[in-house]
Amino acid sequence: MDWDKLRVFHAVAEAGSFTHAGDTLNLSQSAVSRQISALEETLQVPLFHRHARGLILTEQGESLNRTVREVFAKLAMTEALLTESKEKPAGRLKITTTVGFGAKWLAPRLKDFLDQYPDVQVQLLLDDGDLDLAMREADVAIRMHPPKQPDLVQRHLMAIDWHVCASPDYIKRHGTPTRVEDLDSHRLVLFGEYRPPISDMNWIADAGRRPGNPRRGLLEVNSVAAMLTAVKSGVGIAALPDYMHGEDDGLVRVLTDVRAPKVDVFFVYPEELRNSKRVAVFRDFLLAKLQQRG
């Protein structure tokens, strides 16, 4: 099988159309279509079902795409390791973490890392779901839970604390809860049900209540950053991870003696990158920055 045709096939399989794959590969739609037809002719099997709304992989196409994904993932990892300088860390480092942590805590600190290691190019992928490190969707991850895949290396970074917060305006209008049971009469801002980035994200909905009888939120939103914005605007009270809340944001901490669930944060990467200098220096950078956390 021709490697160029397999590369085109993989792009089409991921994009779901000749046009979008052509945009990715900088090829015309007709050129992409010809490559796929030639590959199907060589293999003597159809790889796609063609219909008006796009392309769907056939059973044979699914099988080929799984293999091609694995091959290209391994090639990408090998290329990264081969291009890394023996003298100093170099090359691209794809980092993934949750949207809230990445935008609020990590992104503002990356300048120091890039200044220290100018030959490393960082690609930051923010996603509240787990990207597949084994398939090289990212090189390293900062996750709010232990890795589920057994073949990943993990390093505990820190434990997250929670701050139950409200704006001064909200406190003025609705008062200050002094017991967790007081939340029954307050307006809560909760995380929406779609892929919460941290387990027990809505623990204040259950705190002090009978099991299976949570409080309802006045506002539910699937973004920790939006929760913070809503609390600042006076919508209600929210429990926010400590990396989202600082002394300079003007919020009032309430229920400071309430026991919150523990959230451990891990630095995770594939076994193949254990000896990567880029990974090692980024891990050490994180640990140094976290020691400065106040």
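Contact between Leu47 and Glu40 at its shortest, heavy atoms only, is N-OE2, 2.8 Å. Taking both residues in full, the closest heavy atoms of Gly250 and Pro168 are given as O-CD, 3.2 Å, listed atom of the first, atom of the second, then distance. Closest approach of Gly22 to Val32, counting heavy atoms only: CA-CG2, 3.8 Å. Nearest heavy atom pair, residue Val180 against residue Gly208, reads CG1-CA, 4.0 Å. Pairing each heavy atom of Ala239 with each of Ile204, the nearest pair is CB-CG2, 3.5 Å. Across all non-hydrogen atoms, the minimal contact from Asn222 to Asp128 is O-OD2, 4.4 Å.
Proximity of Met227 to Leu240: side-chain heavy atoms (C-beta onward) are separated by under 4.5 Å at one or more points. Gln121 has its side chain out of reach of Leu93: every pair of non-hydrogen atoms, C-beta onward, lies at least 4.5 Å apart. Considering only heavy atoms from C-beta on, Leu27 stays 4.5 Å or farther from Gln35 through its side chain. Considering only heavy atoms from C-beta on, Leu126 stays 4.5 Å or farther from Thr96 through its side chain. Looking only at side-chain heavy atoms (C-beta outward), Val221 and Phe191 stay at 4.5 Å or farther from each other. Taking the side chain as every heavy atom from C-beta outward, Asp264 and Leu157 never approach each other to under 4.5 Å. The side-chain heavy atoms of Phe72 and Thr67, taken from C-beta on, include no pair separated by under 4.5 Å.
At least one donor-acceptor pair under 3.5 Å links the side chain of Ser37 to the backbone N or O of Ser33. A donor-acceptor contact shorter than 3.5 Å is absent between the side chain of Ser167 and the backbone of Ser233. Ser63 contributes no side-chain N or O that, together with a main-chain N or O of Gln60, makes up a donor-acceptor pair within less than 3.5 Å. The closest donor-acceptor contact from the side chain of Trp162 to the backbone of Pro261 lies under 3.5 Å. A distance-only check finds a donor-acceptor pair linking the side chain of Asp2 to the backbone of Lys5 [under 3.5 Å].
Enclosure of atom CD in Glu271 by more than 12 non-hydrogen atoms of other residues, nucleotides or ligands within 6.0 angstrom is indicated. Counting heavy-atom neighbours within 6.0 Å of Asn26 CG, excluding the residue itself, gives a total of 12 or less.
When hydrophobic clusters are built by joining Ile, Leu, Val, Met, Phe, Trp and Tyr residues whose side-chain heavy atoms come closer than 4.5 Å, directly or via intermediates, Met201 is grouped together with Leu218. One hydrophobic cluster, built from ILVMFWY side chains closer than 4.5 Å, cannot hold both Leu125 and Leu114; they sit in different ones. Clustering ILVMFWY residues whenever any of their side-chain heavy atoms sit less than 4.5 angstrom apart, transitively, puts Ile142 in a cluster other than the one holding Leu131. Under the 4.5 Å side-chain contact rule for hydrophobic residues, Ile56 and Leu39 do not share a cluster.
Using bins of under 30°, 30° to 60° and over 60° for the plane-to-plane angle, the ring pair Phe113/Tyr117 lands in the tilted bin. Between Tyr269 and Phe267, the ring planes lie tilted relative to each other; the angle falls in the 30° to 60° range.
Shown are Arg215, Arg216, Arg210; of these, the salt bridge (Lys or Arg N to Asp or Glu O under 4.0 Å) with Asp184 is made only by Arg215. For the side-chain contact (heavy atoms from CB on, under 4.5 Å) with Val12, the lone residue among Leu25, Asn65, Ile36 that qualifies is Ile36.
In summary, Asp182 and Arg179 engage in a salt bridge, as defined by a charged side-chain N under 4.0 Å from a carboxylate O. A salt bridge between Asp200 and Lys262 is absent, with no side-chain N of the basic residue lying under 4.0 Å from a carboxylate O of the acidic one.
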Practice task
List the steps and the verdict of side-chain contact (heavy atoms from CB on, under 4.5 Å) for Val254 and Val252.
Solution key: CA-CA 6 Å; Val254 299; Val252 179; 4.3 Å; yes

Handout entry: Evaluation steps, side-chain contact (heavy atoms from CB on, under 4.5 Å), between Leu290 and Phe285
Key = CA-CA 9 Å; Leu290 289 169; Phe285 171 81; over 6 Å; no

Practice task
Take Ser17 and Thr19 through the test side chain to side chain donor-acceptor pair (under 3.5 Å) and record every step on the way to the result.
Solution key: CA-CA 5 Å; Ser17 79; Thr19 301; 4.9 Å; no

Handout entry: Evaluation steps, salt bridge (charged side-chain N to carboxylate O under 4.0 Å, His left out), between Arg92 and Asp139
Key = CA-CA 9 Å; Arg92 186 175 66 169; Asp139 298 317; 5.7 Å; no

Exercise for the section: Could you give me the CA-CA distance, side-chain angles and deciding distance for Arg253 and Val164, then say whether side-chain contact (heavy atoms from CB on, under 4.5 Å) is met? Expected result: CA-CA 6 Å; Arg253 290 182 59 187; Val164 184; over 6 Å; no

Exercise for the section: Could you walk me through whether Thr98 and Asp127 pass the side-chain contact (heavy atoms from CB on, under 4.5 Å) test, one step at a time? Expected result: CA-CA 5 Å; Thr98 62; Asp127 196 316; over 6 Å; no

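Partners of His174 according to the ring pair (Phe, Tyr, Trp, His ring centres under 6.0 Å) rule, which considers only residues two or more places apart in sequence or in another chain, are Tyr170.
Interatomic distance, Trp105 CH2 to Lys289 NZ, rounded to the nearest 0.5 Å: 8.0 Å. Atom CD1 of Ile237 is separated from atom CG of Leu251 by 11.5 Å, given to the nearest 0.5 angstrom. Atom OG of Ser223 and atom CG of Leu228 lie 9.0 Å apart (nearest 0.5 Å). Interatomic distance, CG of Asp257 versus CG of Leu255, reported as 7.0 Å (0.5 Å rounding). In this structure, CZ on Arg69 lies 6.5 Å from CG on Asp132, to the nearest 0.5 angstrom. Interatomic distance, Phe101 CZ to Ile160 CD1, rounded to the nearest 0.5 Å: 7.0 Å.
Grouping Ile, Leu, Val, Met, Phe, Trp and Tyr residues whose side-chain heavy atoms lie under 4.5 Å apart, directly or via other members, places Phe266 in a hydrophobic cluster with Leu133, Leu152, Val268.
The stretch residues 17-52 participates, sequence neighbours left out, in these ring pair (Phe, Tyr, Trp, His ring centres under 6.0 Å) pairs: Phe9-Phe48.
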